[in-house]
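Each chain gets a letter, A, B and so on, in the order the sequences are listed, and its residues count up from 1.
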Amino acid sequence: MKFDPATIERLKEKIAVYREFLKNWLEPSNLAQLRPKLEFQTGVLAGFALIASVLLGVTNCSTEGTIQRRLDEDLKKSLEEVVPAALYDNDMLQDTLNIPSAEYNIGANETTVYIAKKSGQVSAVCFKFTAPDGYSGAINMIMGIDRDGNILGVRVLSHKETPGLGDKIEVAKSDWILKFVGRSLDNLAPAKWAVKKDGGEFDQFAGATITPRKSVQAIYRGLQLFKAHQEQLINP
Amino acid sequence: MFLSETYRKIAADGIWNNNIVFGQNLALCPLLAVTGTATNGLGMGLATLVVIIASNGLISVTRHLIPSEIRIPIFVLLIAALVTLVDILMNAWAHELYKVLGLFIALIVTNCALLGRAEAFASKQPVRHALWDGLMMGLGFLIVLVALGAAREISASGTLFANASVLLGESFRFLEVTVIPNYKGFLLMALPPGGFIMLAFLIVGKRLIDQKLAERKVSVTVLTPVIAEEES
């Protein structure tokens with residue numbers, strides 16, 4: 001495409017005029033005159049709001065995919081933490097089954113179960129669940145269970161518990177959560193699924209009883225959910 | 001000195017004389033909420049430092065556009081948008097750091113010190129002064145956060161910078177020290193009341209130092225009265 005030199009010249013002049021206008025308009029002395037005017041104030045507030053929302057909208061849309069990928073990576077990493085690598089050779093993110101979980105009070109009405117398979121046979125399952133009643137909000141966890149109902153591993157994904165007290169449920173801060181490995185509904189009586197203060201098997205923390213208590217109870221309910229669907233899950 | 005008088009005054013104000021916590025008594029909500037450990041204080045301090053520099057700069061650039069009648073809603077809008085932007089971008093591009101600092105970023109919105117600096121300084125000063133003020137105020141806040149966090153952590157659990165390697169990476173594991181071995185722990189200091197109590201001690205300490213400095217100044221003033229003019 002070719003432009004007529006005269007047209008380009010005219011456009012350049014126009015741009016220069018606009019630039020000159022904008023420069024004069026942005027002079028502090030001119031703005032000082034405008035500032036008391038109501039219509040200027042309305043325009044400025046609307047302008048700032050518009051720029052802020054456009055900027056946030058664009059950023060949100062352009063990073064949504066990246067954030068989703070990061071979350072998938074996180075999920076994969078957590079799955080790998082609670083299910084030993086020797087137990088599966090499939091992609092657990094693709095091999096899922098949804099089971100109803102409303103009556104177990106673990107946060108969601110439907111739970112997505114990730115299924116670990118070795119040579120086509122189900123070796124373990126893994127799912128996210130929530131203790132909705134932590135000390136300061138929900139505690140989100142993930143748990144791997146082998147096909148016989150023994151816990152392979154539990155991890156806390158996110159929580160809002162008190163830093164320095166309740167956050168010992170994180171594996172990075174304390175090894176408390178590792179004590180669940182190997183436990184199952186069969187080898188530990190229901191009354192023992194509690195913190196020691198309540199006559200159970202698991203430690204509470206100095207200064208934080210509610211956090212571990214509610215975590216233990218949620219893990220127990222998670223195991224019950226598995227037991228109720230065990231046949232369906234391990235014989236797809 | 002390579003810094004001019006103005007910059008030196010801004011630096012002294014930000015870090016000591018008019019410190020966000022000690023001088024202005026602002027930002028107590030995020031301060032008391034996160035200073036259970038020195039590491040958390042450091043995380044909050046770093047996040048706040050970045051946002052306060054950006055918000056000061058942004059408000060100073062647009063200061064001629066903002067009519068004084070609607071300055072507060074515009075400041076709030078700018079700060080909230082900025083914090084949300086940092087939150088989203090960090091989640092996408094610095095995800096590992098975000099998992100540790102994410103909690104603190106959202107808390108910055110509750111930090112009235114940002115609004116305070118926007119109102120009292122950035123909206124009236126050229127951009128380079130405003131950026132420098134943001135840096136110095138942020139540093140002053142960071143120092144108080146780490147000091148209060150360290151004091152509470154040592155008295156509550158006998159450790160210092162516990163879990164710093166989670167926040168800063170493995171190479172910072174050397175920061176993690178057990179100050180008092182076999183310490184039984186003093187739970188009160190880790191809870192919110194402990195924050196208030198320890199903060200009171202720190203403020204008293206600052207006042208005592210100021211008093212000592214003032215006494216020394218008086219004795220100098222007798223000899224050379226000109227110096228007294230500096231204090232405005």
Side-chain angles (χ1 to χ4, degrees), chain A residues 25-32 34-71 73-74 77 157-168 170-174 205-208, chain B residues 33-37 39-41 43-44 58 62-71 73-82 84-96 98-100 102-104 149 152-153 156-157 159 162-163 165-167 184-192:
Chain A
W25 191 77
L26 281 174
E27 276 298 310
S29 57
N30 179 51
L31 289 175
L34 285 173
R35 277 201 300 266
K37 291 187 182 153
L38 188 62
E39 57 271 29
F40 178 79
Q41 296 179 358
T42 318
V44 165
L45 191 53
F48 271 100
L50 186 71
I51 294 170
S53 31
V54 167
L55 213 59
L56 284 178
V58 169
T59 319
N60 189 35
C61 290
S62 59
T63 52
E64 216 167 19
T66 321
I67 292 177
Q68 192 53 49
R69 267 202 305 286
R70 296 278 184 275
L71 293 178
E73 281 166 20
D74 283 353
K77 228 181 275 171
L157 296 173
S158 63
H159 68 85
K160 300 191 193 74
E161 304 303 293
T162 320
L165 293 175
D167 63 356
K168 292 194 184 74
E170 290 174 37
V171 76
K173 309 254 161 95
S174 127
F205 311 137
Chain B
V34 304
T35 50
T37 68
T39 309
N40 281 353
M44 182 70 181
L58 204 61
T62 54
R63 68 186 186 281
H64 293 301
L65 271 174
I66 303 174
S68 64
E69 289 86 348
I70 54 161
R71 65 189 192 282
I74 289 184
F75 293 162
V76 171
L77 182 77
L78 282 177
I79 292 169
L82 201 62
T84 315
L85 265 183
V86 171
D87 191 81
I88 296 176
L89 289 176
M90 217 166 141
N91 194 355
W93 306 115
H95 194 69
E96 289 306 309
Y98 180 79
K99 278 195 272 185
V100 187
L103 174 77
F104 304 125
R152 283 176 70 185
E153 192 181 342
S157 56
T159 59
N163 299 313
S165 54
V166 181
L167 175 71
K184 287 270 179 280
F186 182 33
L187 183 62
L188 178 70
M189 297 317 291
L191 297 172

Per-residue contacts, residues 45-52 of chain A versus chain B, heavy atoms under 4.5 Å: A/L45, A/F48, A/A49, A/A52

Contacting region of B/L78 [heavy-atom separation from chain A under 4.5 Å]: side chain

Non-hydrogen atoms of B/A81 and A/L56 that approach each other most closely: O-CD2, 3.7 Å

From CG (B/L65) to CG (A/L26), nearest 0.5 Å: 6.5 Å

Distance (rounded to the nearest 0.5 Å) between A/D167 CG and B/T37 OG1: 8.0 Å

Nearest heavy-atom neighbours spanning B/A92 and A/R70: O-NE, 3.1 Å

Close side-chain approach of B/L89 to A/T59, heavy-atom, < 4.5 Å: yes

Side chains of A/L165 and B/L191 in contact at under 4.5 Å (non-hydrogen atoms): yes

Reported CD1-to-OG distance for the pair B/I88 and A/S62, which is rounded to 0.5 angstrom: 8.5 Å

Distance-minimising heavy-atom pair for B/I70 and A/Q41: CD1-O, 3.3 Å

Step-by-step side-chain contact (heavy atoms from CB on, under 4.5 Å) determination, B/T62 to A/V44: CA-CA 11 Å; B/T62 54; A/V44 165; over 6 Å; no

Part of A/D74 within contact of chain B (heavy atom distance under 4.5 Å): side chain

Pair B/H64-A/E27, side-chain contact (heavy atoms from CB on, under 4.5 Å): steps then yes or no: CA-CA 9 Å; B/H64 293 301; A/E27 276 298 310; over 6 Å; no

Interatomic distance, B/R63 atom CZ to A/L31 atom CG [nearest 0.5 angstrom]: 11.0 Å

